[in-house]
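The chain is numbered in sequence order, starting from 1.
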Amino acid sequence: MSDLKLVLHVSEADRWHAALGNLVNLTALDDVPDVRVVVNGSAVYVLQGEHDQLSHMAKAAAKGVVFQVCQNSLKAHDIPEKALPEWAATVPNGVLALAEAQQGGFAYIKP
């Protein structure tokens, strides 16, 4: 695994297409970086149900991408944690998760 660490920030539902393109490209590298995706805002809506975007996210998760979902955003959008896929972990606050990642050496990417 690469020494490079990236945190992708997805806060709007309509930005998932760009983020998923980034994830496909990153996970296809010979030397895959450490990748986290922090999800907050309206982007949490996409983490429900069954659809193509979720299957792409699941593939990325299977390749080691960590998905962190803001509990505050879930609450604000009336989405129960049990509606999330099993590979999605919750964090109390998405903004703090981003700051902690950056403090830990992760480069911030906003697709």
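- Linking ILVMFWY side-chain heavy atoms closer than 4.5 Å, directly or via other members, places V69 and V66 in two distinct hydrophobic clusters.
- R15 CZ to N22 CG: the interatomic distance, rounded to the nearest 0.5 Å, is 9.0 Å.
- Distance check: L84 CG to I79 CD1 gives 7.5 Å after rounding to the nearest 0.5 Å.
- No continuous path of ILVMFWY side-chain contacts below 4.5 Å connects V91 to L8, so the two sit in separate hydrophobic clusters.
- Surrounding NZ of K75 are at most 12 heavy atoms belonging to other residues, nucleotides or ligands under 6.0 Å away.
- Side-chain contact between L20 and Q53 is present, with heavy atoms from C-beta onward closer than 4.5 Å.
- Residues H51 and V46 have side chains in contact (heavy-atom distance under 4.5 Å, counting atoms from C-beta outward).
- No side-chain heavy atom of V35 sits under 4.5 Å from any side-chain heavy atom of K63.
- When each of V37, L26, L6 is tested with V65 by the rule side-chain contact (heavy atoms from CB on, under 4.5 Å), just one qualifies, namely V37.
- Grouping the Ile, Leu, Val, Met, Phe, Trp and Tyr side chains by contacts below 4.5 angstrom, directly or via other members, places V95 apart from Y108.
- Taking CG of N72 as the reference point, atom CG of L96 lies at 9.0 Å (rounded to 0.5 Å).
- By the criterion of side-chain heavy atoms lying less than 4.5 angstrom apart, applied directly or through intervening Ile, Leu, Val, Met, Phe, Trp or Tyr residues, V7 is not grouped with V32; the two fall into different hydrophobic clusters.
- L74 contributes atom CG, which lies 13.0 Å from atom NZ of K82 (distance to the nearest 0.5 angstrom).
- Linking Ile, Leu, Val, Met, Phe, Trp and Tyr residues whenever their side-chain heavy atoms come within less than 4.5 Å leaves L98 and V10 in two separate clusters.
- At least one side-chain heavy atom of F106 sits under 4.5 Å from a side-chain heavy atom of D34.
- In plain terms, the two heavy atoms of Q71 and P92 that are nearest each other are OE1-CA, 3.3 Å.
- Considering every non-hydrogen atom in both C70 and G94, the closest pair reads SG-N, 3.3 Å.
- Atom CD of Q68 is separated from atom OG1 of T90 by 9.5 Å, given to the nearest 0.5 angstrom.
- Between S42 and A13 the shortest heavy-atom distance is OG-N, 3.1 Å.
- The side-chain heavy atoms of L54 and W87, taken from C-beta on, include a pair separated by under 4.5 Å.
- The structure places NE2 of H56 at 12.5 Å from CH2 of W16, a figure rounded to the nearest 0.5 Å.
- For H77, the ring pair (Phe, Tyr, Trp, His ring centres under 6.0 Å) partners at least two apart in sequence or on another chain are Y45.
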